[in-house]
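Only one structure is covered here, and it is reproduced in the block below.
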Amino acid sequence: MLQIARKIGVSTATVSMALRDKGRMSEQTRLKIKATAKALDYQAHPVISQACSLARRSGARNYRETLALITEFRMEEWGYYQRALHEGATERAHTLGYKLEPFLVSGKRSEQRRLSGVLTARGIRGVIVSPRLVETHPRLSLHWENFAAVEVGRTLWSPRNLHHVATADYHKILEALHLLKRVGYKRIGMAVEPAQNHHQRGIFTAVYLMHQSKAPASKRIPPLLSFGPWKEATFRRWLDRYQPDVLYIHHNTEIGPTGKAGHGPWLNNMKLRVPKDISLFCANVQRSDYSGLRRDYVGMGQSAVEMVSLLLGNNSLGLVGNPRSWQVDEIWQPGATLRYPINDFISPDGFLIGHSELIRSSS
């Protein structure tokens, strides 16, 4: 592992985590480590590997209690973020001596109240609420006074004062816009779908419009969602009129990634090639070939369990007027969807290099 680490320029810990598909790093770094290990004919020693695995597991404490992970989808329907969130939460719960159990509940108030009674009857006090994305204004009605509850993300409209673990969206959107400008893009257009902007309380358009306000009026590009209904005809008119050289997207399949390869039908129908004709920067990368930010859902799951554990340790149950807020940074990914690459500004572990100087130089 030391040979691999020296060859690539990362730590042995990063190599160890990459080979076990664990830890926080860009997908590009993970794949590079695995390719280097294969080239060096690396093979794990079974006895040593088992000993290390036992040593890692020895940190797990005796069983404390069960935590509830409240989700709106069945496990077999879980997508990328639900699986990663569950993985991180389960791993940290085991380490701290908890058992994590998923509970499915819809948006119906009667079902939510029934679940609240079930949790109380089973003595479950710690609750983690995964993002609620099905409804426009999601609400969750539990007897909150009985629970130490933490929300992942901030999608609930009620209650709004749950402790929460979320991504640093404002700062990361701003850094991304500055970075794209720094590497040479002149006309940055935002094409984030209305539903995602709504879930994030308008943060995408707020940061984008603030950034655009610094440009001369003649060079400003309005966000796509303010130009008309979210459909291909609107996208075509907006693209033809403003001619952006890079699109800041979320993860919508109309424009962004579809399946394991390829891009959305709107670009394909316009015969636009990525990145030759137009570049894409994705705010929620889920494919290794896309440039953008990969949300650390594993880390968010881990942090949610840690926060619940702190609350339970202090016997802090119920809603509070000043909830705690923990931020988990996204991971930068160079990808291959930008004509002007951002590789020089990203470390092997997926962190932005010199962000303060970057923002100052592009302001």
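Every value quoted in this text rests on a predicted model; they were computed, and no experiment measured them.
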Open item on the list: Please list all pairs meeting side-chain hydrogen bond (donor to acceptor under 3.5 Å, both in side chains) that have one or both residues in residues 315-327, counting only residues at least two apart or in different chains.
Closed with: His164-Ser325

Other than [X], what residues sit in its cluster of Ile, Leu, Val, Met, Phe, Trp and Tyr side chains whose heavy atoms are under 4.5 Å apart, directly or through others?
X	result
Val118	none
Phe147	Ile70, Phe103, Val105, Leu115, Leu119, Ile124, Val127, Val129, Leu140, Leu142, Trp144, Leu156, Leu162, Leu319
Leu104	none

[X] versus [Y]: any side-chain heavy-atom pair under 4.5 Å?
X	Y	value
Val192	Tyr208	no
Leu267	Ile255	yes
Asp329	Asp296	no
Met1	Tyr42	yes
Asn284	Gln286	yes
Val183	Pro341	no
Tyr81	Arg295	no

Which atom pair, heavy atoms only, marks the closest approach of [X] to [Y]?
X	Y	value
Gly189	Pro244	N-CB, 3.9 Å
Tyr185	Arg339	OH-N, 2.8 Å
Tyr340	Gly184	CE1-O, 3.7 Å
Pro229	Thr234	O-OG1, 2.7 Å
Leu311	Ala149	CD1-O, 4.1 Å
Val308	Gly126	CG1-CA, 3.7 Å

Open item on the list: Using the side chain to side chain donor-acceptor pair (under 3.5 Å) criterion, which residues pair with Gln333? Sequence neighbours excluded.
Closed with: Arg294

TODO: With sequence neighbours excluded, tell me which residues meet side chain to side chain donor-acceptor pair (under 3.5 Å) with Asn269.
DONE: Glu232

Mind checking whether [X] and [Y] sit in one hydrophobic cluster, side chains of I, L, V, M, F, W, Y counted as touching below 4.5 Å?
X	Y	answer
Phe281	Leu239	yes
Val165	Ile331	no
Trp332	Tyr170	yes
Ile278	Tyr248	yes
Leu225	Val207	no

Is a side-chain N or O of [X] found less than 3.5 angstrom from the main chain of [Y], in a donor-acceptor match?
X	Y	value
Gln82	Gly79	yes
Gln112	Ser141	yes
Arg139	His137	yes
Ser309	Val305	no
Arg154	Arg160	yes
Ser303	Met300	no

To the nearest 0.5 Å, how far apart are [atom1] in [X] and [atom2] in [Y]?
X	Y	atom1	atom2	result
Phe235	Asp240	CZ	CG	9.5 Å
Asn197	Ser226	CG	OG	10.0 Å
His163	Leu310	NE2	CG	10.5 Å
Tyr63	Tyr98	OH	OH	10.5 Å
Ile188	Gln212	CD1	CD	7.5 Å
Ile173	Thr205	CD1	OG1	9.0 Å

Task: Worked check of side chain to side chain contact (heavy atoms under 4.5 Å, CB included) between Ile8 and Thr29 - done: CA-CA 9 Å; Ile8 298 177; Thr29 300; 5.5 Å; no

Can you list the residues that meet the side-chain contact (heavy atoms from CB on, under 4.5 Å) rule with [X], with sequence neighbours excluded?
X	result
Arg187	Lys219, Ile221, Tyr242, Asp245
Pro102	Met75, Trp78, His86
Glu193	Gln196, Trp230, His250, Asn252
Ser130	Leu69, Thr71, Leu85

Open item on the list: Please identify which of these residues, Val246, Thr337, Leu338, meets the side chain to side chain contact (heavy atoms under 4.5 Å, CB included) condition with Leu280.
Closed with: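 Among Val246, Thr337, Leu338, the one that satisfies the side chain to side chain contact (heavy atoms under 4.5 Å, CB included) with Leu280 is Thr337.
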
Task: Aromatic Trp157 / basic Arg132 pairing, under 6.0 angstrom, 45° off normal - done: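 The answer is no, since Arg132 fails at least one limit relative to Trp157.
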
TODO: Please step through side chain to side chain contact (heavy atoms under 4.5 Å, CB included) for the pair Ile249 and Tyr290, ending with a clear verdict.
DONE: CA-CA 11 Å; Ile249 65 174; Tyr290 258 68; 4.3 Å; yes

Task: Those residues that, when tested against Arg273, pass salt bridge (Lys or Arg N to Asp or Glu O under 4.0 Å) (two or more places apart) - done: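 Testing Arg273 for salt bridge (Lys or Arg N to Asp or Glu O under 4.0 Å), a comparison that skips the adjacent residues, returns Asp277.
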
Task: Derivation of the side chain to side chain contact (heavy atoms under 4.5 Å, CB included) call for Val298 and Gln302 - done: CA-CA 6 Å; Val298 172; Gln302 293 170 340; 3.8 Å; yes

Open item on the list: Let's go through Glu330 and Leu352 carefully: what are the C-alpha distance in whole Å and the side-chain angles of both, what is the deciding distance for side chain to side chain contact (heavy atoms under 4.5 Å, CB included) to 0.1 Å, and is it a yes or a no?
Closed with: CA-CA 10 Å; Glu330 293 96 326; Leu352 190 64; over 6 Å; no

Task: Modelled atom types, side-chain donor and acceptor of Glu101 and Thr66, under 3.5 Å - done: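 No - no donor-acceptor pair under 3.5 Å links their side chains.
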
- [ ] Identify whether the distance between the nearest side-chain nitrogen and carboxylate oxygen of Lys172 and Glu175 falls below 4.0 Å.
- [x]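 Between Glu175 and Lys172 there is a salt bridge, with a charged N closer than 4.0 Å to a carboxylate O.
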
Under 3.5 Å, which donor-acceptor pairs do the side chains of residues 30-38 form with other protein atoms, sequence neighbours left out?
residue : atom : partner : partner atom : Å
Arg30   : NH1  : Lys22   : O            : 3.0
Arg30   : NH2  : Gly23   : O            : 3.2
Lys34   : NZ   : Asp21   : OD1          : 2.5
Lys34   : NZ   : Asp21   : OD2          : 3.3
Thr36   : OG1  : Lys32   : O            : 2.8

